[in-house]
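Read the structure below first, then the notes.
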Amino acid sequence: MSDADTNHADEGSKAFQEPQSTLELSGSSNAPLGAGSAVNSSHGGLVGTRSRLLMDSDDDMDSDDDDDDELLAMPLGLEKMELQIDQSFAEPALNDHSQHLDILGSSTISTPAPVSNTMSVLQENKQSLLDISGDDGLFGDDFLEQFGMDDEIEFEFKKPLYPRRMPLLEGEAATNEIENDDLGLERLSISQKHRTISGAPPVTTTTTSTHTTTSSTTIISSVPSRFNIFTRGSSELFSSLTQESSQLEEELLEMSARQHDAMLADSSFDDSRLVEEEDEDLGDLLAMQYHEQEQQLEQGLEWDRSGDSALDTNKRKHPVAPNPATVATTAEDLDEFLDQSYAIGGSSRPRPKDVSKKTRVEFASTGSSLSRTVTKSAGSTTLNITKRIKVPAKHDYSLPPETGSFIKAKSSSGKTFYLAKRLPKSLAQQLKDNSQNSKVSLLSMPIHRMMDELDAEIRVQKQEAINRREYGDFGDVDVTDSSTPDEREHLWVDKYRPKQYTDLMGDERVNREVLSWIKEWDQCVFQRKYHKFTPEHKKQQQFKEFRKPDPLGRPDRKVLLLTGPPGLGKTTMAHVIARQAGYNVIEVNASDDRTGASVKGKIEAALEIQSILGSDKPNLLIIDEIDGVSSSGGEQSFIKLLIDIATAEVVSKEERSKSAGKRSRKHTKAPLMRPIICICNDQYAPVLRPLRVIAQIYQFKKPSVRSVVSRLQQICEIEQVVSDTRAFSVLYDMTEGDMRSCLNTLQFIKNRSMTSVMSATAAAADRIGAGGAGIDGQGEGLTLESLSKATIGRKDQSKSLFSVWEELFQAPYARKSRSALKVMEEGRDGLVKDDNNTYISRMVTLIQTNGEYDKLVQGCFENYLSMVFHDVAMAKVVECGEWIAFYDQLNSKITSNFEYEVAGYTAYAIANFHRFFAGSVRQKIEYPRKDYESFVAHKANESILQGMALNLPAKVQRHFRKSNFATELLSPLLRILSPPLRPVNKQLIRPEERVILMRLVDIMIHFQLTFVQEKTDDGQFLYRLEPSIEKLGDFSGIGLKNVLTSRYAVRQLIAQEIEVELVRRADASKETKRGALYGGGGSDELSSFADGASLETKAPGKTGADAEDLEREAVDFFGRTIAQPKREGSGLLDGSGDLIGEGRNAGKKTRIWYKFNEGFSNAVKAKVFIHELL
Amino acid sequence: MALWVDKHRPNNLDKLDYHSDLSLHLKKLCASGDFPHMLVFGPPGSGKKTRIVAILRELFGPGSEKIKIDQRIFETPSKRKLELNIVSSNYHLEVNPSDVGMYDRVVVQDLLKEVAQTQQVDASAQKRFKVVVIHEADLLTRDAQAGLRRTMEKYMGNLRIIMCCNTTSKIIGPIQSRCLLVRIGAPTTPEICKVLHKVIKKEHCGPLPESLALRIAEDSGRNLRRAILMLETAKVQCHPFKENQEIPRMDWEDFIRQVMMTILRAQSPEQLQTVRGQLYELINHCIDPATILKTLAKELIEKVDGDEIKMKFAQEAAFYEHRLRTGQKAIFHLEAFVAKIMSVYKRHVMSMDM
């Protein structure tokens, strides 16, 4: 075992440190034990800190290679005991901790009581097993007989629940004194005059006869760790015990795992494989064994491994410990064992059915200098018995057994005993069966029954504590009671905040993975190897081979992002886990200034600087509420900074030197050396987008109702709030699983009831007298009524649109189970609880909490027709239409006149959908899209129209507006635009067709329409009308397609003509302008035309008509008007005679001269004479 | 060259083809010198705008025809930018404030004040005032109309307002009382025929059969603009005209006829859903919902037999059109109307069967 491991173990033990003793010792033999623990605690051997001493000390015992790991040594609280476990354990540091040991997994104990010869066994929880005899192989039954005849051992059982205490030792039945006082203390005393059995199986314990301290053995049954929070509130004592018990539970698990190992080893499996398989099989085993506790146990196991347990290390080093004698570790064993011991004891009393399955034996000692000598030989343990022991006649214990393993015990007189260990055959068989097929339960009693019993017991326990506190409130404050009066001022949220990993609620998987992520930093932070062991991690590791491993051994994703709604304990979890993993938590939250620049120094300090004051733990940075961080700041933004830090590359030494040589321009950042945990509510906040890429994200989900309710129940019991399970689930519903909110509500209710109680002082006096009975009379508890009054506890919840729709369209009787919350609401509304009558208020509340009336109405509107409903002559639809219209009127009042007064009625309009169309069949509801689609289509079309209308000439525009464009102009226009034209070559067009074509071109130019060539998806070209008013006139079912010519050739022809015409017109206007200039004033017509053209209007009247005709004058190839062909052209264009005449007149009056100059352009123009050429 | 409907639009009061006594009256009014504010109303296609243009020409001469379009940007108190096209000449200004929806008040206030506060600069102008033509005045919000009402009095000196609308029912009383109400009735069928023949003659495209002209006039619903467009369409599709040639109808009207058929074919929620799709399509094609409802009702009334049910349909149509105009979401009301029609019709059919 390396030093690191030892240190680690110490840290771990600190985490478990409990200031109060878990032990109570009775000082004298046969002394009547006082009520409660007071007497015992007066002799209390207090334990400072305890570490779990896992006694599979093979590693240091050279000789022990196949030692029985399962046998855990029990530390004896004797000052002069020497316990040598291993070198590291013998370090003085260890002595600060009392040793907490298990014997044989859970089964037996032996107790040292050196001076008083009295052993007090404080049994805290379940009925425990205290037995020295048994068939577990530790002691033979005759051994006990030999010891038990004339000796007296005193056991004290504090709990009254199980009066049928079994006599533990044969022959003791007669002498057992079973006393039940009113506090329910049962004492079973076994006088043991001259000896103490100290059983420390894997170790040889040597005790001297000069013991001055007393020690006691505490037997506690394991308490599910989630009760810890509960217990802490009331009694530290109990808390510590349960906490320990949870620890023990973990150990049990560990051991069962190892036991499994052993099995596997028997089956001659490869060692290396064993470790892997064990984990998986262990899971199965656990699932079978512990049902719902599985998670916790696994977690505990993980804690063990990932934490600091020496056991872990040992285990890894010695995965196989094939000692059949050590298998009897599970509760099943115990059960078996118990039966046997009863049989042996020969007691006339039947063995209690409800014997704890997981009884734990714990030894603690007060001794400050605890030392042990452990001598171990191969496969054997020596048990040192402190007093003289008569050697039995029946069986000679002075000789080692011939077969099997045995425990060597030495008495104070120096006599050595060899106690054979053997495994009951039936048990061995059963275990084997279990491992083969996991159907057989390891527990003889279902876990839930155990839990129930445990609960009952705890309740009684609490009652005691309460009683004590009752006195404390009015008298002296009980020291053992943790709740001092000023604690009332504490928020319960803080009071019951999980303090350690096992307290955590919520999704175990997330907890585990977060812990595992933090442990991945171990290599980087603590310079120790962290072994991933879960199958998922194994997979990851396989992938890792392809990935570049991190040179510092950090996890792949350097930042952890925890997301989830508020109140689920993200922050608490981060803190608990970080502390558990041995970090010093530094938190940055929204209360701090979090702009990039201001926080930069802080983060870097947290990550790179080690505190010299206070703890020497490494830092861990928790950035809370990171989604609230501002995104501004560009390069300097907080997130950017964080990412820079997280992604800083590790620069190897060579590279560093290289870059140093190059005097790298950019200062290379130091790589991140400490874990960072970010916490947010909304992982999709835009500001977090870059972070999400690099962060490991874990999503929190709300805990199950059961877990929340059970924890609330515990808290209520501690806080003496009379509660009601149904109320809890209502509370859960109300808060949507928000634990914090639950607690705050509870406290509010409690405080209210408390003030009423405090005012009644007389009642207080009564309570003192009445004791525990006073509780019931105390104020009001958590009931449905009180919850319904506690409006503040109500989260402002809003249901999603879909759930509202579904609710609207679903008849109430179709919903099989109505939640308690709804029942309560209806009750509060004071309505008759008749489904047919309550829908209005229910629906209205539902709708109002959602608040998105528009969407709701739209969704209803688009879906109601597809509902299944019976309707005579559409009466329902018509009536519903009335309501929709009513809604619309309200809505228009609100939006256009801002009359928000009427907004209150809108929900009622929507609720009517439920009245008319709610059906028993759950129907699919589609999100309303049609309206939006329609809106978009309408907008698109409108913009086309708008564009078109705006491009119209002013004169047209004043008559055709957007409003009547679609209804009046569009349809005829499209037809006017599609005259019958043959798709022929331009040159082949007949004159009459040409007239039509030119007219078409003219109109299209007038409306600024054209055909645009486009390539379709399938690669074909087509001409599209632009702007695409085609679409506007195209109704489904009415073929516009045969109206508007769509032939490619025709459109091409038209498009070409349009282009030509446009060029012609442009040139014509230029030409006429020029002509007007050259003409020095020119003719009246020309000037008026130019005027009209510049105004871009086609002025009506004669001049305008002339001007238009002029525009269409034929031009030559270069766009210049040709005097002679112009006439022909215009003749062609216009079929009407008088217009042609006008055009001619206009042409004649225009005096324009053309001079032809040879040459490409004027630039090279020069006069050339014939003689020069000659 | 524009469409016939623009090309052959008369541009002065003398050329107007019908309501000649009104034209005479208007001419006198223009000459008199105390030209009042005017509220011109009448059904679409009856020649309101044509007449307004003619009045302007009568007032200001040919200069009023030199018009230009410019885009003005207005800013609402909430700093929102509004764009509005304004047709203007030196003497007048035409706006359609309803283009900017509920912000028309801003337009009316800003624009009118600006115009009213500047005097006519052209000394040679026949009139000392300028004219603002407000199109679609019935779509003005109450705010805008209220804004208008004081301005009309205050700036009477250099501003006249001519409002053009289909109905006066939406014009608030104070404005109506400040204006000279000029109603332009729709042309009668013979008048339309006369105009059609005139157009054909001007276009030199052969004889127009009298029966065809009559049919066009009837189909147009006494809307002259529509009649001329239909004439041109008919000409394009089938040139020399035939007696019995098909007169193309409006596509959307055909579509509404389909809707009507759908309604009468079966009455069930599924059918209603089909109709809803069709109604959406109509709305998408920028057809005014009120027009949809009105046309649909007309088609339905034509189609069904029995006075009682016709009356019922008309009543429902009126009821739902009112709702439609007061409400916001047209589809709700259109569908409610269709549902009601379906319900009424179904009951009617069932009672007939029995």
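Worth knowing before you read on, the calculation uses all heavy atoms, side chains too, and leaves out hydrogens, waters and symmetry mates. For clarity, every value in this text was computed on a predicted model and none was experimentally measured. Residue numbers start from 1 in every chain, and the chains themselves are labelled A, B, ... in the order their sequence lines are given, proteins ahead of strands.
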Examine the side chains of B/S351 and B/H348 and answer whether a donor and an acceptor come within less than 3.5 Å of each other.
-> no
For each of B/H135, B/K346, B/K329, B/R347, tally heavy-atom pairs with chain A at distances under 4.5 Å, and name the one with the top tally.
-> B/K329
Charged N to carboxylate O under 4.0 angstrom, B/R257 versus B/E253?
-> no
Name the option with the most non-hydrogen atom pairs under 4.5 Å to chain A; the candidates are B/D288, B/I283, B/T291.
-> B/I283
Selection from B/K235, B/Q278, B/E136 maximising heavy-atom pairs under 4.5 Å formed with chain A | B/E136
Of the backbone (N, CA, C, O) and the side chain (C-beta and beyond), which part of B/E335 lies under 4.5 Å from a heavy atom of chain A, both, or neither?
-> side chain
Can you say whether A/E862 sits under 4.5 Å from chain B via the side chain, the backbone, both, or neither, judging by heavy atoms?
-> both
Distance-only side-chain donor-acceptor flag, B/R57 / B/S64, under 3.5 Å = no
When the ring planes of A/F913 and A/F809 are compared, do they come out parallel, tilted or perpendicular, using 30° and 60° as the limits?
-> perpendicular
If you tally heavy-atom pairs under 4.5 Å between each of B/D99, B/T141, B/N223, B/V338 and chain A, the highest tally belongs to B/N223
B/S89 versus B/E65, side-chain donor and acceptor atoms under 3.5 Å = no
May I ask you to decide if B/T262's main-chain N or O and B/Q271's side chain share a donor-acceptor pair within less than 3.5 Å?
-> yes
Looking only at side chains, do B/D104 and B/S98 share a donor and an acceptor under 3.5 Å apart?
-> no
Out of A/V878, A/L865, A/I884, which one racks up the most heavy-atom pairs below 4.5 Å with chain B?
-> A/L865
Given that the side chain runs from C-beta out, which part of A/E879 has a heavy atom under 4.5 Å from chain B: side chain, backbone, both or neither?
-> neither
Do B/F255 and B/W252 have ring centres separated by under 6.0 Å?
-> no
Relative to chain A, which segment of B/L282 carries a heavy atom at a distance below 4.5 Å: side chain, backbone, both, or neither?
-> both
Step by step, work out the salt bridge (charged side-chain N to carboxylate O under 4.0 Å, His left out) result for A/R975 and B/D251.
-> CA-CA 10 Å; A/R975 283 178 174 77; B/D251 295 316; 2.8 Å; yes
Chain A interface, residue from B/V344, B/V87, B/I331 that has the most non-hydrogen pairs under 4.5 Å = B/I331
Using non-hydrogen atoms only, which part of B/R249 is less than 4.5 Å away from chain A: side chain, backbone, both, or neither?
-> backbone
So which of A/A875, A/C880, A/S934 has the largest heavy-atom pair count under 4.5 angstrom toward chain B?
-> A/S934
Select one option (side chain, backbone, both, neither) describing which atoms of A/V936 are under 4.5 Å from chain B's heavy atoms.
-> neither
Atom group of B/H285 that falls short of 4.5 Å from chain A, counting heavy atoms | both
Tell me, side chain or backbone of A/L970 under 4.5 Å from chain B's heavy atoms, or both, or neither?
-> neither
Is it the side chain or the backbone of B/N85 that comes within 4.5 Å of chain A heavy atoms, both, or neither?
-> side chain
Residue B/Y320 versus chain A: region with a heavy atom under 4.5 Å = side chain
When only pairs under 4.5 Å are counted, which of A/I944, A/I976, A/N941 shares the most heavy-atom pairs with chain B?
-> A/I976
Taking the six-membered ring where the residue is Trp, are the ring centres of B/F332 and A/F861 under 6.0 Å apart?
-> yes
Considering only heavy atoms and a distance below 4.5 Å, find which of B/S343, B/A336, B/A339 pairs most often with chain A.
-> B/S343
Other residues, nucleotides, ligands: >12 heavy atoms within 6.0 Å of B/Q273 CD = yes
Charged N-O contact under 4.0 Å between A/E968 and B/R226 = no
